[in-house]
Every structure is written in structure tokens, then in C-alpha cells.
Amino acid sequence: MAERSLRGMSIGAKSLESDDNVDFAARNDVVYVCPKGHRTILPFAQGAEIPEEWECRCGTIAHREGDDDRPDDDFNKPSRTHWDMLLERRSEEELKTLLDKRLKMHHEGWIPDYE
């Protein structure tokens, strides 16, 4: 069946026009930042009136980013690692006790050895 299929171009699949000799309108990229730290970059035409506020995707009002606008320290917090979250739940002494218990179970054959 495949050897009998027609080869060629589908109607409407591709445009035969090219972008040669096309001048696009000049644009400015404007950055908006909401209180939750979301950044939105929007292109505006060169002579367009640029609003100071824009509705963010989360529903809050975002303001234009400027030189005096810098993200708060809330958004630059270091990420918590697995070890940090584990230490929030258990002390190191408890973890050592659990490790010793699991190693003892492994040596006694309670936990199968996967190789």
C-alpha cells in the first residue's frame, strides 16, 4: 500500500510565500512582575502606549519592571534539599538508630539482597 501512495504537497499544509523583503513593525519588549514573582514579557509596538499594570496569569496585578524594582528575598530563597526536609522531621540520632536497625535487618536476611 505504501508503494502506491501519492507523494506531494498537501493542500494548505505549507505556504509558498516567504518573508523576503518584509519589514516587521518595530517592537519593544516590556517586562511585568507580579507580587508572586511571575515575570511576563510582552511585545508592544514602538509608538504604542504602554500600560503600567498588567494582569498576571495567576490573577494578580503585575507592575512594570524597572531599575528600582528588584525581586524580594522571598523569591531568592535557597531551595530545600531532601536532607534539609528529613532533618525537619527527625534528629540525626534518630536517623542513626533507624540506619543501624535497617542494616541489622539486612544482615539477618529480613531484607532481600537485590543485585
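Given the structure is predicted, the values throughout are model-derived calculations rather than measurements.
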Taken to the nearest 0.5 Å, the spacing of Trp54 CH2 from Thr40 OG1 works out to 9.5 Å

Could you tell me the separation between the OH atom of Tyr32 and the CD1 atom of Ile61, rounded to the nearest 0.5 Å?
11.5 Å

Side-chain cluster (under 4.5 Å, hydrophobic types only) that [X] belongs to, other residues:
{"X": "Leu99", "result": "Leu103"}
{"X": "Val22", "result": "Phe24"}
{"X": "Val33", "result": "Val31, Ile41"}

Which residues share a side-chain contact (heavy atoms from CB on, under 4.5 Å) with [X], sequence neighbours left out:
{"X": "Glu93", "value": "Ser91"}
{"X": "Asp23", "value": "none"}
{"X": "Arg90", "value": "Glu94, Leu95, Leu98"}
{"X": "Thr60", "value": "Cys34, Pro35, Lys36, Cys56, Cys58"}

side-chain hydrogen bond (donor to acceptor under 3.5 Å, both in side chains) involving Arg39 - partner list, sequence neighbours excluded
Glu65

Pairing residues for [X] by the salt bridge (charged side-chain N to carboxylate O under 4.0 Å, His left out) criterion, not counting sequence neighbours:
{"X": "Asp100", "result": "Lys96"}
{"X": "Glu92", "result": "none"}
{"X": "Arg89", "result": "none"}

Pairs meeting criterion salt bridge (Lys or Arg N to Asp or Glu O under 4.0 Å) with involvement of residues 46-58, two or more places apart:
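Matches after skipping sequence neighbours: Glu52-Arg64.
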
